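Whatever order the structure lists ligands and atoms in, that order sets their numbers, starting from 1. Note that the structure is predicted; figures quoted are calculated from it, not measured. When reading the values below, keep in mind they use all heavy atoms of this one structure, side chains included, and skip hydrogens, waters and symmetry mates.
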Amino acid sequence: MISFEFTREQEDFRRELRRFAESELAPKYTERAAKAEFSWEAHRQLAELGVLGIGLPEKYGGTGEADPVSLGIATETLAYGDVNVAAAPVQVGLVAAQLAVQGQPGVAQTYVPRLIAGEIVAAIAVTEPSAGSDASSLRCQARPVPGGWKLTGEKIAITHATTAEIALVYARRPGSQGHRGISCYLVPLGTEGVTRGAMPGMGCLPLGWGTLSFTDVFIPDDHLVGEEGLGFAGAMHHFDFSRPALGLLCLGAAQASIDEAAAWASEREAFGRPIAAFQGVSFPLAEHATYLEAARWLCYRSLWMRQTGRQHTDLAAMSKWWPPQVAKEAIETAWVTHGNLGYSTELPLQQRYRDVAGYLVADGTAAIQKRIIATTMLGRAAAR
Ligand SMILES: Cc1cc2nc3c(=O)[nH]c(=O)nc-3n(C[C@H](O)[C@H](O)[C@H](O)COP(=O)(O)OP(=O)(O)OC[C@H]3O[C@@H](n4cnc5c(N)ncnc54)[C@H](O)[C@@H]3O)c2cc1C
């Protein structure tokens, strides 16, 4: 037998977050989204709701056992109210899980409780000006020196670059090539030699997107996260979690848009009838409701596979290429259903469209996700 039910606790949690998303987040979504300022107030509310500690060790203030399905529920539900605020559990989950599992205990103890409490945010810095999709060709260098490493290089398109207290930075040992030789280092961004720059995009402004530059930045020995030279494999394992979570993030925003379009279609009249009476209006909404439902269960299945310890790299990649596209198209239909109002800044639809569009690229484009799926299906020949 199979079940598509969440547990009673998960259902209660979902209902609580839905109330919060509708009453607290949604009314100020567009106001927050218009500014390149991190929403600390909303972030701390998430901490109070327990959203930032899902699946993280209790000794650091988390809920305990890994719980990717609940994290997906939180992300999808919060995105119904504010897709930017909803990115927090994914980002905290990604960084804190790496620190808690692979970081040195003293370093994890310093930062993980503060991440869970919503006091600080962290960045993950992989992408460089000359290496994005082909992350294994990154150039940032960590040169061994007594007591640690000296880091030099540049990172680009980094979420929280302007606001983060710390970053997990991926860099290679001089002379190494490909994914071999890449390690993950925790870098406090106040360290001498670090500079940051803002790089505003077409959406996701509150997420403080930008650049990070490192010039001979000293990293002490205990700031290595995971094994030296195995940083790339470690990062890929964690992206298998973030991909379905980001898929659900986009779907939450799309569901809000389709619900708004359905309500508007029943209210707005044309040719003497509510526009919902025209199949030209109702059928696209029915089609998008179908795609959203299918995409949602793809993401949850991927998270469930992770929770139960099954291989899910291909499902995670499927959950990252398709759901953001499904979401973007659903939001487009929702604003066209609203006519001129949908295009106006009076409604949140255009803002959601621009915010969700970021996830067509963030964490790997559709082409890169399909490459991962094809490699799983066809072996390494598909990746050449
Ligand atoms: C909103 C947002 C947030 C982000 N946050 C972060 C972050 O926090 N940390 C971080 O490290 N990075 C982050 N990124 C960067 C993101 O991960 C990269 O932009 C992405 O991996 C693509 O790399 P690129 O931009 O260098 O594009 P490129 O690698 O130059 O790709 C350009 C185009 O070529 C295509 N392409 C490349 N190789 C192939 C191939 N083999 N087959 C088919 N097509 C191919 C791509 O699909 C793409 O369309 C973020 C990006 C965005 C938009």
Margin query: Are the side chains of Pro324 and Leu246 in contact, using a 4.5 Å heavy-atom criterion?
Written below: no
Next item on the list: Give the residue, atom name and distance (to 0.1 Å) of the protein heavy atom nearest atom 51 (C) of ligand 1.
Entry: Ala362 CA, 3.7 Å
Next item on the list: Kindly indicate whether atom 31 (O) of ligand 1 is approached by any protein heavy atom to under 4.0 angstrom.
Entry: yes
Note to self: Yes or no, since that's all I need: does a protein heavy atom fall within a distance strictly under 4.0 Å of atom 9 (N) of ligand 1?
What the structure shows: yes
Check: If you count the atoms of ligand 1 from 1 in the order shown, which ones are under 4.0 Å from a heavy atom of Arg371?
Finding: 41 (N)
Item checked: Option whose closest heavy atom lies nearest to atom 24 (P) of ligand 1, chosen from Gly132, Ala167, Ala374 -> Gly132
Checklist line | Side-chain heavy atoms of Ser130 within contact of Arg139, under 4.5 Å | finding: yes
Margin query: A quick test of your reading: do over 12 heavy atoms of other residues, nucleotides or ligands sit less than 6.0 Å from CZ of Arg114?
Written below: yes
Next item on the list: Report yes if the side chains of Leu71 and Leu303 come closer than 4.5 Å at any heavy-atom pair, otherwise no.
Entry: no
Checklist line | Heteroatom distance test (Glu128, ligand 1): nitrogen or oxygen, under 3.5 angstrom | finding: no
Checklist line | Proximal ligand 1 atoms for Asp363, defined as those under 4.0 Å from one of its heavy atoms | finding: 17 (O)
Item checked: Taking atom 28 (P) of ligand 1 as the reference point, the nearest protein heavy atom with its distance -> Ser133 OG, 3.6 Å
Margin query: Students should be able to answer this: which protein heavy-atom is nearest to atom 13 (C) of ligand 1, and at what distance?
Written below: Ala157 O, 2.9 Å
Check: With a 4.0 Å cut-off, strictly under, does atom 16 (C) of ligand 1 pick up any protein heavy atom?
Finding: yes
Check: Below 3.5 angstrom, do we get any N/O pair linking Asp134 and ligand 1?
Finding: no
Notebook entry, point to check: Would you call Glu260 and Arg352 a side-chain contact if the rule is heavy atoms closer than 4.5 Å?
Noted result: yes
Notebook entry, point to check: Is there a donor-acceptor contact under 3.5 Å linking the side chains of Tyr80 and Asp259?
Noted result: yes
Next item on the list: Return the residue, atom name and 0.1 Å-rounded distance of the protein heavy atom closest to atom 5 (N) of ligand 1.
Entry: Thr159 OG1, 2.9 Å
Check: Within a reach of under 6.0 Å around CD of Glu11, are more than 12 heavy atoms found that belong to other residues, nucleotides or ligands?
Finding: yes
Checklist line | Side chains of Glu228 and Trp149, donor plus acceptor under 3.5 Å | finding: yes
Notebook entry, point to check: Of the backbone atoms (N, CA, C, O) and the side-chain heavy atoms from C-beta on, which set of Ile368 has a member under 4.0 Å from an atom of ligand 1: side chain, backbone, both, or neither?
Noted result: side chain
Notebook entry, point to check: Between Phe239, Trp209, Tyr170, which one has a non-hydrogen atom sitting closest to atom 2 (C) of ligand 1?
Noted result: Trp209
Next item on the list: Please state which part of Ile124 comes within less than 4.0 Å of ligand 1, counting heavy atoms only: side chain, backbone, both or neither.
Entry: backbone
Next item on the list: Would you mind telling me if ligand 1 is within reach of the side chain of Lys155, the backbone, both or neither, using heavy atoms under 4.0 Å?
Entry: neither
Check: Does the Thr63 side chain pair with the main chain of Gly55, one donor and one acceptor, at a distance under 3.5 Å?
Finding: yes
Next item on the list: Please lay out, stage by stage, how Tyr343 and His338 fare under the test ring pair (Phe, Tyr, Trp, His ring centres under 6.0 Å).
Entry: CA-CA 8 Å; Tyr343 188 70; His338 281 81; over 10 Å; no
Notebook entry, point to check: Nearest protein heavy atom to atom 25 (O) of ligand 1, by residue and atom, and its distance?
Noted result: Val361 CG1, 4.6 Å
Margin query: Between Phe6 and Tyr300, is the ring pair (Phe, Tyr, Trp, His ring centres under 6.0 Å) condition met? List the steps.
Written below: CA-CA 10 Å; Phe6 296 125; Tyr300 280 117; 5.0 Å; yes
Next item on the list: Answer yes or no for atom 19 (O) of ligand 1: protein heavy atom present at a distance under 4.0 Å?
Entry: yes
Item checked: Polar proximity ligand 1 side, Ile156 side, N/O cut 3.5 Å exclusive -> no
Notebook entry, point to check: If you count the atoms of ligand 1 from 1 in the order shown, which ones are under 4.0 Å from a heavy atom of Ala367?
Noted result: 43 (C), 44 (N), 47 (O)
Check: Within the structure, does Val126 bring an N/O atom to less than 3.5 angstrom of an N/O atom in ligand 1?
Finding: yes
Margin query: I'd like to know if Lys320 and Asp363 make a salt bridge, using a cut-off of under 4.0 Å between side-chain N and carboxylate O.
Written below: no
Next item on the list: Sequence neighbours left out, what passes ring pair (Phe, Tyr, Trp, His ring centres under 6.0 Å) with Phe4? Give chain and number order.
Entry: Trp297
Checklist line | Thr127, any N or O under 3.5 Å of ligand 1 N or O | finding: yes
Check: Side chains of Arg172 and Ser176: is there a donor and an acceptor less than 3.5 Å apart?
Finding: yes
Check: For ligand 1, which atoms sit closer than 4.0 Å to a heavy atom of Ile158?
Finding: 7 (C), 8 (O), 9 (N), 10 (C), 11 (O)
Note to self: Assess whether a salt bridge exists between Arg18 and Glu76, defined as any Lys/Arg side-chain N lying under 4.0 Å from an Asp/Glu carboxylate O.
What the structure shows: no
Note to self: Could you check whether atom 35 (C) of ligand 1 has a protein contact, counting only heavy atoms that fall below 4.0 angstrom?
What the structure shows: no
Item checked: Closest protein heavy atom (residue, atom, distance) for atom 48 (C) of ligand 1 -> Thr365 CG2, 4.0 Å
